[in-house]
Amino acid sequence: MSSETTHGSASPAPTNPQGNAQGNAQATPAELPKAYVPSEAEGAVRSRWNNSGCFHAEPGNSGDAYTIFIPPPNVTAALHLGHAFNNSLQDLLVRYHRMRGFNTLWMPGTDHAGIATQTVVEKRLLMQGKKRTDFTREAFVQKVQEWKDEYEATILSQLEGMGCSCDFKRTRFTMDEPCATAVRHAFFTLFKDGLVYRGKRLVNWDPVSQTALADDEVEMEEVDGSFWYLKYPLADGSGHVTVATTRPETMLGDTAVAVNPKDPRAAALRGKKLRLPIVGREIPIVEDDYVVMPASLGGDPADPKAQFATGFLKVTPAHDQNDWDIGQRHALAAINIMAPDGSISDRHGWMDVSADAKQFVGLSREEARKKIVAWFKQNNLLEEVKPYRHSVGHSYRSHVPVEPYLSDQWYVRVTDDRLRGTALRSMAKDQVEGTLPAEVAAGPKMAGDGELRFFPARYAKNFQSWHENIRDWCISRQLWWGHRIPVWTKRGEGASLATHLGMLSSLSSSRASVRAVRVADGAEAAIGSLASSKGDFDLHVCLLDDADGAPLETAGFKRDPDVLDTWFSSALWPLSTLGWPDPSKWSEMAGLLDRYNPSSVLCTAREIITLWVSRMVMFNRYFLGRVPFKHVFIHAMIQDGHGQKMSKSLGNGVDPRDIIHSHGSDAMRFTLVQMATNTQDVRLPVDLVDPHSGETFGPKWTTASGGYTVADAIQTSPKDPSKKMVSGYGAATGTATPTAEMPLARNTSARFDLGRNFANKLWNATRFALSNLAQASPDSKPEPLTLLDRWMLARLEHASRAIDAAIADYEFHRVAEALYDLVWRDFCDWYLEGVKPTVRTNATQQRVLAAVLDSILRMLHPVCPFVTETLWPSVQALGASGAVDGIALRPSALCATAAWPAFDAKLRDERAIAEFARVQALVDSIRRVRGERQVSPKRKVVLLAGDSVRALVAASGGVVETLAGIEKVDASPASRPMTAVALPFEGSEVLLDGLVDAVDAGAEKARLTKLIAEREKQASGMRGKLSNEGYIAKAKPELVEETRKKLAEIEADIAAAQSALAALG
RNA sequence: GGGCGCUUAGCUCAGUUGGUUAGAGCACCGCCAUUACACGGCGGGUGUCGCAGGUUCGAGUCCUGCAGCGCUCACCA
């Protein structure tokens, strides 16, 4: 259903000036309970939304497109508050723009998260004593699928629980058919275009999971290690050099020793060879700038490497990234000495295994290290050992040290200008730091250049420097869960492989792409000359369709067993969810791609800039020639009460359902929005709810490995020490399992009280307004707008502008602040209190109240959709449309599809705001006296004042009397009555008579003395300024004038107070 | 190590281009059953704005240095 048609059932606006609320019995909120109970309201509201289909987007509907792609959550676990935060902000944007008349699509979905999901499933199997390899690939994938189904359902229900207005009918999963089709097409295209290649490179290898890892899947951990100083003899027997290493076991694969060309010892060693101990391999000494010289020889003493360095660096190209680079520069061999499980092996590229070396084959990395060090010691080649603490990369899944491992992997050539260059050129010009690299700036112009903008702007720098330093992207993973790589390969001599070319040429080039790679050096050979090329080749055939694989397999080709990095499919999210490359294939996707890509904004977290934003930009621009989104909004991070990032692995994540349970969805959303500031991460102290007693309490904390502070896995009931419960940390980490006797404790946090109180305040303000309007006198006549009415309308218009501006800047806390001030401070504290005596008989005021209330519900809806939708029918029944000239309030059956109120500029009334500010100041100062003297609110007093104050009181239309408890206003008498209390206001004296039965001279003196001291402090500050020549000469004249005026007024106030003080004797 | 951010009331945080008396919510202390709301109303106290310099008539705000915290990228000599 389109957003247009949902308005249909609302009653038309009454057009006669008196045809509004009065006598409208059905609007009586008799049935509205005394407090807002979210758990009773939320389900009903969700049903109304679902039944109306109001979140469904159709490209044919009118309005400019407003699109957000949800960052698809991993199906590894349920969502936590970090997701709730991000999704609350997205929903705010989506609902606001929907109400603004945009054709709005919020695309939901989930991510298969290859390694993470496979790992959690393997962990679960391990608890049953089973391994992945006990199953066939298909059977294992089926198990993962079951996990995915469970968590996908959980995640989607969490999103619904939060009130996310996603188009759930269009929900996607990164491995469903449309997404898989997009992945297949993208891989095929990149392969055909030479942007995907097979390469032998060092990867981050997890020897336990036995898969390559992306850089971001590697965690650095501090480890106590050693520096071992090993002597390598010169081949000619003329001495030795000493290398320092933290990984002595890799020496088996050394193919050189490097020295800095500036090292004074380099010249004498030039051309000499070393005899590698144990192995006996003769290796060269190469000269390379990369080598740090020891501090003693002129190395930079500030460089910690110079402290430990000998100036000689063992080079193991197959087991160290930097050594690999040196190897490339000096054409060194890369000798891989390890098996995929990390053990020393002579079967994976190590050919020259000496008799001495044999004893190490088969050992683990750790054992080999010990034995090799022992060998050096025995042979007097171990010069020294020094302790050394350093950080080592560990697999974020198996937690073992990652091995830089030489293996064949698939890469995307993101360093190509078609990817890297277009990404950099998409940046908004004013957000580019300095200038783009010359070769990038010189690249071809295309649509979308300069269109990508970051909020806050500083994050553009992350994006830029990532692309400037980007390396080719390893996309193959040795996993079973994911998109399988669609390449079939056969290895053989060129001539024999060439015999298949005939069969391959029968396949259309739009369905198959062929490349030949020489095994020896990875160089690509032209297919045409394959038959005559010497040596072994890998013939890679990439297929668009599995159906073409059968004849290849018959001919001896094997399909690559690996799957693609999860981010490969995520990178296609703005394309695949809209049906790319062929939306006509799925009828419900027709027209989506053209209508909703580029999207409006991507809302995500900092670390995602490199992982996901970058890749979406590159792919979207490459495949579709457009940016995937115009804006990137980077939100803050939610931390726990100890300043630690909320994460699944740490087990400190809070389930949003817990907060919804304790405070309600709107309360959670409002509070999260209010916390969304531009620079500050959000710290959220977390409490537990005792499942036995319902009581909230602070959990017992403990220190976990890594120094993190976490809640004890098992907690004791504060009411009954014999009763226990499991904390979220215990459940998430598996250290404790909830049972019937020991249930899981929900989390909560007092931070959300703010939102709960706010929702309740709105609820009651509405209840109150409705009851007054229901009881309005039917014969009341229109009257001119009062100051209070004009002020309220001006504040409403002001808040609307504040919200627009805040949303345009993605400064969400300003949205919450504007709404809070509008609803609580302006509407409840002043307007509703102020209209109490008049609203039932003033028809104009009734219309203002109805229109303001209607507007407030609309403006609050994007943040608090449930309470506003719940109140909506009652408020709509007031028929506020057309009630106030200058506010357009189109009727609507649902608040969710109601139009944002349109305020005419004439409601903007700075004079009303300024004059009412004087009213507020007068009321405040009277209230202060009443408060200080502890005067009962029931006690009414007489205000004695001069002309200007009495004029103000008259202009307020009774507001001062009502809010300050004044029963009568008189002119200042010639002599001060004994029973009157004095206060200065705007430089003159105002008296309150009848405040107290008898003036307590002591208390009065104290009050006035304090008041004088306050004013004196201000006055002296101003006098100081005015006596400063520089201030008079250089500050803006109007500022100086303002200071003079203010000082005069303060001095008059002081004089008034002093005369009152003197009168007390 | 590079980059980015943070340090303001007991707690969690605002503070727009430098400008008059630095704010909010919570907590705390009084008073209050009043045409809605105690998830409430009215009033109140609370700050060497991390430290040290500098620029300026004027600095929470700009500059420099230092300290602490966090994130991110890089890093196993």
Side-chain angles (χ1 to χ4, degrees), chain A residues 29 32 34-36 215 220 223 225 227 243-247 291-292 302-306 308-314 320-322 388 390-393 401-402 404 456 458-459 461-462 465-466 469 606-607 609-610 637 639 641 643-645 663 667 674-675 677 679-685 750-751 753-754 756-772 775 811 813-814 817 820-821 828-829 832-833 836-837 839-840 924 927-932 934-938 1014-1015 1017-1018 1021-1022 1025 1028-1036 1039 1042-1043 1046-1047 1050:
Chain A
L32 287 185
K34 210 177 159 195
Y36 174 56
D215 292 343
M220 304 312 290
V223 164
F227 260 117
V243 297
T245 180
T246 57
R247 298 203 57 201
V291 180
V292 174
D303 183 347
K305 282 177 184 170
F308 286 93
T310 64
F312 296 101
L313 174 65
K314 66 190 273 302
D320 182 287
Q321 182 61 51
N322 295 311
Y388 183 56
H390 61 141
S391 54
V392 175
V402 163
R458 63 179 181 276
Y459 291 112
K461 200 169 172 178
N462 288 34
S465 65
W466 167 257
N469 303 308
R606 287 194 279 269
E607 71 272 17
I609 295 170
T610 55
M637 189 199 313
Q639 303 172 337
Q644 306 165 139
K645 184 176 179 171
H663 287 80
Q674 183 264 346
M675 295 191 298
T677 60
T679 51
Q680 185 81 39
D681 285 334
V682 175
R683 194 178 281 216
L684 193 86
R751 296 276 322 253
D753 292 355
L754 169 78
R756 184 197 54 195
N757 298 352
F758 182 68
N760 188 245
K761 188 73 178 178
L762 174 78
W763 179 266
N764 278 291
T766 305
R767 232 163 45 95
F768 175 72
L770 291 173
S771 75
N772 269 284
Q775 293 168 48
E811 295 208 6
H813 75 281
R814 281 165 48 199
E817 189 181 68
Y820 189 93
D821 287 346
C828 292
D829 288 352
L832 284 185
E833 293 298 332
K836 277 179 180 177
V839 69
R840 290 190 188 174
D924 281 344
R927 280 174 165 178
R928 188 176 171 191
V929 178
R930 298 183 69 119
E932 279 175 355
Q934 301 189 356
V935 176
S936 161
K938 284 200 202 85
E1014 265 173 31
R1015 293 282 206 280
K1017 198 178 147 202
Q1018 297 165 16
M1022 289 181 194
K1025 274 186 185 233
N1028 182 331
E1029 288 168 24
Y1031 180 70
I1032 305 292
K1034 296 190 182 171
K1036 282 189 217 120
L1039 192 68
E1042 180 68 27
T1043 308
K1046 198 84 197 168
L1047 177 62
I1050 289 171

Sugar-phosphate, base or nothing in reach of [X], heavy atoms under 4.0 Å:
X	value
A:E1042	base
A:P401	nothing
A:A765	base
A:K314	nothing
A:N322	sugar-phosphate
A:V402	base
A:V291	base
A:R247	base

Whole-angstrom distance between [N] and [M], as gauged at atom [atom1]:
N	M	atom1	answer
B:C6	B:U17	P	13 Å
B:G5	B:U21	C1'	31 Å
B:A9	B:A22	C1'	11 Å
B:U72	B:C63	C1'	26 Å
B:G25	B:C39	C1'	14 Å
B:C11	B:G47	C1'	14 Å
B:U8	B:A59	C1'	14 Å
B:C32	B:C71	P	50 Å

For this session: Could you tell me whether the side chain of A:E833 and the main chain of A:D829 form a donor-acceptor pair under 3.5 Å?
Result: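 Checked: no pair found.
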Counting only side-chain heavy atoms from C-beta out, which of [options] sits nearest to [X]?
X	options	result
A:A1035	B:A14, B:G19, B:G41	B:G19
A:A35	B:G5, B:C39, B:G43	B:C39
A:Q1018	B:A74, B:C39, B:U21	B:U21
A:D320	B:A36, B:C31, B:C76	B:C76
A:Y1031	B:C37, B:G30, B:G19	B:G19
A:E932	B:G43, B:U21, B:C76	B:G43
A:M1022	B:G19, B:A33, B:U20	B:U20
A:M637	B:C71, B:C4, B:U35	B:C71
A:Y820	B:G25, B:C13, B:C42	B:G25
A:K1025	B:G19, B:U34, B:A38	B:G19

* Asked: Aromatic rings A:W763 and A:Y36: how do their planes relate, parallel, tilted or perpendicular, breaks at 30° and 60°?
  ->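 It falls in the tilted class, 30° to 60°.
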Nearest-nucleotide check on RNA chain B, A:E1029 vs A:F312; residue mapping nearer the 5' end is A:E1029
Comparing A:N1028 with A:G641, nearest RNA chain B nucleotide closer to 5' gives the residue A:G641
Note, [X] side chain near [Y] side chain (heavy atom, < 4.5 Å):
X	Y	value
A:K836	A:F768	yes
A:R756	A:N760	no
A:R247	A:P401	no
A:R767	A:N764	yes
A:K1025	A:L1047	no

Hey, does the side-chain of [X] have a donor or acceptor N/O within less than 3.5 Å of a partner on the base of [N]?
X	N	answer
A:E833	B:A36	yes
A:K761	B:C39	no
A:R1015	B:U21	no

Under 3.5 Å on both distances, the Watson-Crick or G-U partner of [N]:
N	answer
B:G65	B:C51
B:C13	B:G23
B:U56	none
B:C75	none
B:G43	B:C29
B:G70	B:C4
B:A36	none

Could you state the [atom1]-[atom2] distance from [X] to [N], rounded to the nearest angstrom?
X	N	atom1	atom2	value
A:R756	B:C39	CZ	P	7 Å
A:H813	B:U12	NE2	C1'	14 Å
A:Q674	B:G25	CD	P	11 Å
A:K645	B:C6	NZ	C1'	17 Å
A:L754	B:G25	CG	P	9 Å
A:D753	B:C37	CG	C1'	16 Å
A:E1014	B:U20	CD	P	18 Å
A:K1017	B:U20	NZ	P	14 Å

Measuring to OP1 and OP2 of [N], would you say a side-chain N or O of [X] lies under 4.0 angstrom away?
X	N	answer
A:T677	B:A14	yes
A:N757	B:G40	yes
A:R751	B:C26	no
A:N462	B:C73	no
A:K461	B:G3	no

| task | Would you sort out whether A:I609 and A:Y459 count as a side-chain contact (heavy atoms from CB on, under 4.5 Å), showing the intermediate values? | result | CA-CA 8 Å; A:I609 295 170; A:Y459 291 112; 3.8 Å; yes
Minimal heavy-atom distance between A:D320 and A:N322, with the atoms involved, is OD1-N, 2.8 Å
Q.
So, taking the atom named CG in A:L1039 and the one named CD1 in A:I1032, what distance separates them when rounded to the nearest 0.5 Å?
A.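 One gets 10.0 Å once the value is rounded to the nearest 0.5 Å.
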